[in-house]
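Here's the structure we're looking at; comments come further down.
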Amino acid sequence: FNQVNLMNEFKVSAIKNKKCLDKILVELNNLLNFYLQDFKKNEKLDLIKKNIHKKMINLSKKDRKLFGSFFDASQCLPSVHALNEALVKDIKSIYGFTNLQIADYPRLRLDLPEKNSVHNDPWHQEVMAYDAPRDSITVWLPLVKMNSKMGRLVLKGNTKKLGILKHKVFSKRPYIRVKDGNWQKLPNYQPNISYGKFISFKHSVPHRSSKNLSKNKVRISIQIRFNFLDNSIYNP
């Protein structure tokens with residue numbers, strides 16, 4: 001794979017085989033056709049990439065609960081779960097790990113073009129929500145051609161000496177709310193991650209999601225978390 005090191009906080013790398021991403025889109029489109037009762041077969045990938053946005057937006061407007069059911073079902077696509085195993089070798093190589101554990105099942109996100117969406121997480125650290133070693137890794141990758149209007153991931157820089165920020169956990173969104181502090185003065189980075197690449201960062205790095213301000217595109221992305229176990233506690 002072709003790796004680009006941008007800074008200590010995150011790395012942008014290319015996936016060896018884009019076909020695994022294409023397969024996810026094909027399976028996602030087949031599932032979407034089922035919910036739309038539009039049983040098309042053997043659709044070409046170019047048309048799938050072009051039409052899948054319109055299909056999902058139409059389903060969300062037609063029946064929001066049905067779209068929610070489609071979203072829940074999409075988490076179980078075999079191709080999505082095959083991706084986490086495919087990335088283990090890459091993550092080991094990028095970070096020099098030898099003992100790595102898949103922390104949880106992959107999360108497929110479908111962020112509709114909504115200015116008032118409640119699903120965009122404010123500033124937080126993964127370590128706030130996951131009981132894992134500090135150097136554990138989160139991977140984020142897009143399944144669409146990204147642009148600035150679709151909303152990029154925002155990460156803080158110069159965080160090497162940053163501990164866990166003061167925060168509180170709530171039962172309603174936003175679940176994690178971080179207190180104001182000097183950390184807010186740290187620089188912001190919004191790397192442009194193209195289709196076929198992924199960004200990885202440690203659980204200690206503060207980050208947030210941006211709103212999808214496009215008019216007709218769904219931000220389709222996947223999150224996967226890996227626990228780094230090369231230490232005296234987990235690997236004596």
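Put simply, the side chain of Gln223 never gets that close to the backbone of Trp140: no donor and acceptor are under 3.5 Å apart. Looking only at distances, a side-chain donor or acceptor of Ser60 sits under 3.5 Å from a matching main-chain atom of Ile57.
Lys202 forms no cation-pi arrangement with Phe10, by the criterion of a distance under 6.0 Å to the ring centre and an angle within 45° of the ring axis. Relative to the ring axis of Tyr105, Arg107 places its NZ or CZ within 45° and under 6.0 Å from the centre.
Legend: residues meeting side-chain hydrogen bond (donor to acceptor under 3.5 Å, both in side chains) with Asn51, ordered by chain and number and at least two apart, are absent.
Under a 4.0 Å N-O distance rule, the pair Lys55/Asp38 does not qualify as a salt bridge. Residues Arg225 and Glu126 are paired through a salt bridge, judged by an N-O separation under 4.0 Å between the basic side chain and the carboxylate. The pair Arg64-Glu114 counts as a salt bridge, with a side-chain nitrogen and a carboxylate oxygen less than 4.0 angstrom apart. Salt bridge annotation for Asp111-Arg109: present, with a cationic side-chain nitrogen under 4.0 angstrom from a carboxylate oxygen.
Looking only at side-chain heavy atoms (C-beta outward), Tyr35 and Asn33 stay at 4.5 Å or farther from each other. Residues Tyr130 and Asn227 are not in side-chain contact: their nearest non-hydrogen atoms beyond the backbone lie 4.5 Å or more apart. Side chains of Phe226 and Leu87 form a contact here, defined as non-hydrogen atoms less than 4.5 Å apart. Within the 4.5 Å cutoff, the side chain of Glu9 has no heavy atoms near those of the Tyr189 side chain. By the 4.5 Å heavy-atom criterion applied to side chains, Asn212 and Arg219 are counted as neighbours. Considering only heavy atoms from C-beta on, Leu21 comes within 4.5 Å of Leu83 through its side chain. The shortest side-chain heavy-atom distance between Val12 and Asn192 does not fall under the 4.5 Å cut-off. Side-chain atoms of His53 and Asn216, non-hydrogen and from C-beta on, never get closer than 4.5 Å to each other.
Of the residues Arg177, Arg173, Lys211, the one that meets the salt bridge (Lys or Arg N to Asp or Glu O under 4.0 Å) test with Asp121 is Arg173.
The aromatic rings of Phe67 and Phe70 are tilted relative to each other, their planes meeting at an angle between 30° and 60°. Ring planes of Trp123 and Trp183: perpendicular class, angle over 60° (limits at 30 and 60°).
At most 12 heavy atoms of other shown residues, nucleotides or ligands fall within 6.0 angstrom of atom NZ in Lys149.
Taken to the nearest 0.5 Å, the CD1 atom of Ile220 stands 9.5 Å off from the OG atom of Ser74. In this structure, CG on Asp90 lies 10.0 Å from OG on Ser200, to the nearest 0.5 angstrom. To the nearest 0.5 Å, the span separating CD1 on Ile52 from CG on Leu110 amounts to 8.5 Å. Distance check: Arg208 CZ to Asn120 CG gives 9.5 Å after rounding to the nearest 0.5 Å. Distance check, rounded to the nearest 0.5 Å: OG of Ser204 to NZ of Lys160 gives 11.0 Å. For the atom pair CD1 (Ile137) and NZ (Lys92), the distance works out to 14.0 Å, reported to the nearest 0.5 Å.
Centroid-to-centroid, the aromatic rings of His124 and His207 come within less than 6.0 Å.
The heavy-atom pair separating Arg152 from Ser210 by the smallest distance is O-OG, 2.7 Å. Minimum interatomic distance between Val80 and Pro106 (heavy atoms only, all atoms of both residues): O-CG, 3.5 Å.
Met150 is not connected to Leu213 by any chain of hydrophobic side-chain contacts under 4.5 Å among Ile, Leu, Val, Met, Phe, Trp and Tyr, and they are in different clusters.
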